[in-house]
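None of the values given here were measured: they were computed from a predicted structure.
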Amino acid sequence: MPDVGIREWFAIGRAIAQGHMSRYGEGAHLTSGFEAALGERLGADHVLAVNSGTSALVTALAAAGIGPGDEVLVPAYTWMATAAAPVQVGAVPILVDIDETLTMDPEDIRRKITPYTRAIIPVHMGNAVCDMDAIMSIAKEHGLIVIEDSCQAVGVRYKDRYCGAIGDLGAFSFNKMKNMNIGEGGAVLTSDERYFIRARSYHDLGSMIRGHGDRLNEPEFVGMNFKVSEIDGAMLQVQLRKVIPMLQRMQKRRAMLAEILSQSQEFRVTPHNDPASAVSLTILADTKEKAVALTARRGVHNRLRDSSKHVYTNWEPILNKRTFHPKMNPWAWAKREINYSPDMCARTLDILDRTCVVPLKLQYPAPVVRLVAQKLAG
């Protein structure tokens, strides 16, 4: 993960010195400067900084007009926020199996589409990219909105485009576990002006006094307060300069390790939807028992089945269809009965049972990491 150090400290000092802590204060420019730079770098016409990745997902759904009675397809392997975000706008999540790439299986997407499906949220989990060509094709065929959850793939490419800027909208996270780190933060990306105007309005309940200009005749509506401060914008400018060089180092390290580990007779390197751009590495054993044994080996971090709220079986509020108030329960507004069970995505559980994470260890010299990989490969 990216370090936070002296450059961020100086950036915060400049934000304080300018005397405008609010991003909409007179003379404030750090957050808007970051948004413009990120959009230019990634190929999105509009970027809106928000206070978390979860807020980014909720804002994107609200911007797209997703609401009660709508179904949103989400993967069974992702942080629970992906499934919770549709609930926050009154829609219901429909769980989709992953394939061995650890991302949404396009064939299961097709199986889960109903007349009430409005959107797909593909998740680029742990920097492993989805098959976006297939997903965008399915969405176009069925008239669905695609909201990329790129919270775990900030700055990562899928073929010739950046994740988060491929779908109709994208969501980023900037917390301590992500490719860009300011402690907590997020962003919404889109090249659709109407979606951007609606997102901006939703994330700032006081938007009618912010001087946002033309709203394309979009009326004001009740939203939330997901704004960030100029301190966030200052830190994000620094982090943006770090992320691409870091990912380039990760890409080289991953390629080296994958070449070595692909020689093993005990496991396979997990397939990837764009191997040339890969910046993360996992391995796939034949059985759960072999994967458990691998976690005791040097060079292996953990099994994905053991990754807490990233696994749908640990989403108790979702499985139990429980919200903060019974009369604010989207499942009661659904147009058909929606039920969940712990075994509903058995293929996902099987893959997670057999998949182990191999950390890239950028903090160690390449020869040391190479030697560990060679021993792991046998």
Side-chain angles (χ1 to χ4, degrees), residues 54 56-99 103-123 125 130-132 134-149 167-169 171 195 198 202 221-222 224 309-352:
T54 303
L57 287 167
V58 174
T59 299
L61 286 159
I66 305 301
D70 294 335
E71 297 178 9
V72 179
L73 304 186
V74 304
Y77 171 54
T78 178
W79 184 247
M80 193 176 76
T82 311
V87 176
Q88 298 302 320
V89 297
V92 294
I94 303 298
L95 276 56
V96 175
D97 263 317
I98 62 169
D99 59 26
T103 63
M104 291 179 96
D105 179 0
E107 292 308 310
D108 201 41
I109 290 175
R110 289 186 180 277
R111 287 189 287 268
K112 299 295 173 63
I113 292 173
T114 74
Y116 315 116
T117 306
R118 284 284 312 283
I120 308 172
I121 305 183
V123 182
M125 273 298 296
C130 299
D131 184 351
M132 291 305 297
I135 291 172
M136 295 303 293
S137 177
I138 293 170
K140 183 177 180 180
E141 179 183 344
H142 293 272
L144 304 178
I145 296 167
V146 175
I147 300 173
E148 284 181 87
D149 183 337
D168 299 286
L169 298 111
Y195 287 159
R198 286 177 56 85
Y202 183 82
F221 53 83
V222 175
M224 299 295 292
K309 294 290 185 181
H310 291 94
V311 185
Y312 80 93
T313 51
N314 296 322
W315 301 346
E316 292 90 351
I318 300 294
L319 298 184
N320 293 318
K321 299 185 285 188
R322 188 170 57 245
T323 57
F324 70 94
H325 193 286
K327 291 186 178 180
M328 294 289 285
N329 190 310
W331 288 277
W333 311 329
K335 296 173 183 175
R336 65 186 180 102
E337 183 71 20
I338 304 295
N339 291 305
Y340 307 104
S341 66
D343 60 352
M344 65 183 298
C345 291
R347 187 184 181 206
T348 294
L349 298 181
D350 173 62
I351 292 169
L352 298 180

Heavy-atom donor-acceptor pair, [X] side chain to [Y] backbone, under 3.5 Å:
X	Y	answer
His142	Leu144	no
Asn329	Pro326	no
Glu71	Tyr116	no
Thr323	Met328	yes

Closest heavy-atom contact between [X] and [Y]?
X	Y	answer
Leu349	Pro342	CD1-O, 3.5 Å
Ala64	Arg118	O-NH2, 3.7 Å
Val74	Met104	C-CE, 3.9 Å
Ala62	Arg198	O-NH2, 2.9 Å
Ile318	Ala83	CD1-O, 3.9 Å
Val96	Leu73	CG2-CB, 3.9 Å

*asked:* Apply side chain to side chain contact (heavy atoms under 4.5 Å, CB included) to residues Tyr195 and Ile145 and explain how you reach the verdict.
replied: CA-CA 11 Å; Tyr195 287 159; Ile145 296 167; 3.7 Å; yes
Measure the [atom1]-[atom2] distance between [X] and [Y] for me, rounded to the nearest 0.5 Å.
X	Y	atom1	atom2	result
Ile120	Ile135	CD1	CD1	6.5 Å
Thr82	Asp149	OG1	CG	4.0 Å
Ile121	Ile66	CD1	CD1	8.5 Å

What residues form a side-chain hydrogen bond (donor to acceptor under 3.5 Å, both in side chains) with [X], not counting sequence neighbours?
X	value
Trp315	none
Arg322	none
Thr103	Thr101, Asn273

Check: [Y] and [X] side chains under 4.5 Å, non-hydrogen atoms:
X	Y	answer
Tyr77	Val123	no
Ile98	Leu352	yes
Pro115	Lys335	no
Leu95	Thr348	no
Val146	Met136	yes

Tell me which donor-acceptor pairs under 3.5 Å the side chains of residues 86-94 have, and how far apart each pair is, sequence neighbours excluded?
none

*Go through the steps for Ile138 and Ile113 under the test side chain to side chain contact (heavy atoms under 4.5 Å, CB included), then give the verdict.*
CA-CA 10 Å; Ile138 293 170; Ile113 292 173; 3.8 Å; yes
*In chain order, what residues pass the salt bridge (charged side-chain N to carboxylate O under 4.0 Å, His left out) check against Asp99, with sequence neighbours excluded?*
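Partners of Asp99 under the salt bridge (charged side-chain N to carboxylate O under 4.0 Å, His left out) test: none.
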*Sequence neighbours excluded, which residues qualify as side-chain contact (heavy atoms from CB on, under 4.5 Å) partners of Ser341?*
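Checked Ser341 against side-chain contact (heavy atoms from CB on, under 4.5 Å); matches are Asp343, Met344.
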*How are the rings of Tyr340 and Trp331 set relative to one another: parallel (under 30°), tilted (30 to 60°) or perpendicular (over 60°)?*
perpendicular
_Less than 4.0 angstrom from a charged side-chain N to a carboxylate O is my criterion; do Arg111 and Asp108 meet it?_
yes
